[in-house]
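The first residue in the sequence is number 1, and the count goes up from there. Quick note: numbers below take in every heavy atom, side chains included, and nothing from hydrogens, waters or symmetry partners.
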Amino acid sequence: MAARRPSAHQQGGDRRQGHFGGPAADGTRAEDGARAEEGPGEGPPPVVPDNDTDADAVKALLGRNINNLRTQRGMAVRDLAEQAGVSAAFISQVEHGTATPSVPTLVRIAQALRAHIGDLFQASLSRSQIVRQDERAAYEYPDRGITEAQVSSDPSGSLEVLWVKLEPGGGTGPELFAHGADTEFVFILKGRVAVTVGSEVHRLSAGDSLTFPGKDLHGSQNLSRGSSELLWVQTPASY
């Protein structure tokens, strides 16, 4: 995604069962080092990618970009860890490509680095109104069975549209979160997805849509045996 500095994002403080959803707990801060990021939780097990080489390449790219942005910001590993709510050892693991943060943790890391999620994956967008398939700003979370691609091109930052594919059992994890949008809209293209907004769980099928305030903590999970696809729209652009 093109580097566009966001306004202050909102982050949910409490952890609840779950934006795109399997069980992925954050690597939380611990004095004796990093805790294992993945922990027990409700829902299907994390999706393991068939192509380990691709997964390792994504981890390495993410780690390099976080390290580069942190260095450019003059931040120590401990400073970034504190703001992201994880251990310094976990941040070091992410930067070395040996650990993958959950989506809520990645949102907090991006906020601390004053960046968008797309910046962490070196994504770039055409500034024209047409976004060709090979120009999409894509981000992948192989360990969570999520592929996202930005399909809108709005230099003003007023609108952002993401195409999202969820593999069976794929999702952002059990922690609900918000990231600064005023309004969010979800349209299911294929499959079945559970979208949680606050304490309400909405089970949506292909053709269904949902609109909700962006400030509300939310999450989602694929309910289909196969993959599900959806469009996720937010105003203003905040992801």
#### Entry: side chain to side chain contact (heavy atoms under 4.5 Å, CB included) assessment of Glu184 paired with Asp216
CA-CA 10 Å; Glu184 302 202 27; Asp216 290 354; over 6 Å; no
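- Using a 30° and 60° split on the angle between ring planes, His179 and Phe177 fall in the tilted class, from 30° to 60°.
- Between Ser158 and Thr235 the shortest side-chain heavy-atom distance does not fall below 4.5 Å.
- Side-chain contact between Ile91 and Ile109: present, with at least one pair of heavy atoms (C-beta onward) separated by less than 4.5 Å.
- Residues Ser152 and Val233 are not in side-chain contact: their nearest non-hydrogen atoms beyond the backbone lie 4.5 Å or more apart.
- Distance alone, capped at 3.5 Å, is enough to place a donor-acceptor pair between the Thr98 side chain and the Gln93 backbone.
- Using a 4.5 Å heavy-atom cutoff, the side chains of Val86 and Val94 are not in contact.
- Looking only at side-chain heavy atoms (C-beta outward), Trp163 and Leu189 come within less than 4.5 Å of each other.
- For residues 229-239, there are no salt bridge (charged side-chain N to carboxylate O under 4.0 Å, His left out) pairs, not counting sequence neighbours.
- Both Leu231 and Leu159 belong to a common hydrophobic cluster when Ile, Leu, Val, Met, Phe, Trp and Tyr are linked at side-chain heavy-atom distances under 4.5 angstrom.
- Although no hydrogens or angles enter the test, the distance criterion places a donor-acceptor pair under 3.5 Å between the side chain of Arg70 and the main chain of Met75.
- Contact detail for Arg78 and Ala88: the closest heavy-atom pair is CA-CB, 4.2 Å.
- In this structure, Thr71 contributes its side chain and Asn67 its backbone to a donor-acceptor pair below 3.5 Å.
- For the residue pair Ala194 and Val201, the shortest heavy atom distance occurs at CB-CG1, 4.2 Å.
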### Task
Show your working on side chain to side chain contact (heavy atoms under 4.5 Å, CB included) between Thr105 and Arg108 and close with a plain yes or no.
CA-CA 5 Å; Thr105 298; Arg108 291 196 296 269; 3.3 Å; yes
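- Follow the hydrophobic side-chain contacts under 4.5 Å out from Leu210 and you reach Leu166 in the same cluster.
- Closest approach of Leu113 to Arg73, counting heavy atoms only: O-NE, 2.8 Å.
- Val193 and Ser228 get closest at one heavy-atom pair: CG2-CB, 3.8 Å.
- Annotation: the span from Asn65 atom CG to Leu62 atom CG amounts to 7.0 Å, rounded to 0.5 Å.
- Between His218 and Leu176 the shortest side-chain heavy-atom distance does not fall below 4.5 Å.
- Two residues are said to be in side-chain contact when any heavy atoms from C-beta on lie closer than 4.5 Å; Ile146 and Val103 meet this criterion.
- A donor-acceptor pair is defined here as one N or O able to donate and one able to accept, closer than 3.5 Å; no such pair exists between the side chain of Thr147 and the backbone of Glu140.
- In this structure, Leu217 CG and Thr196 OG1 are separated by 11.0 Å, a value rounded to the nearest 0.5 Å.
- Considering only heavy atoms from C-beta on, Val151 stays 4.5 Å or farther from Val131 through its side chain.
- To the nearest 0.5 Å, atom CZ of residue Arg192 and atom CZ of residue Arg203 are 8.0 Å apart.
- Val195 and Leu223 sit in two unconnected hydrophobic clusters of ILVMFWY residues. Membership requires side-chain heavy atoms under 4.5 Å apart, directly or through other members.
- The two residues Gly226 and Asn222 make their nearest non-hydrogen contact at O-ND2, 3.1 Å.
- The two residues Arg225 and Pro168 make their nearest non-hydrogen contact at O-CG, 3.0 Å.
- Residues Leu230 and Phe212 fall within the same hydrophobic cluster, defined by Ile, Leu, Val, Met, Phe, Trp and Tyr side chains chained together at heavy-atom separations under 4.5 Å.
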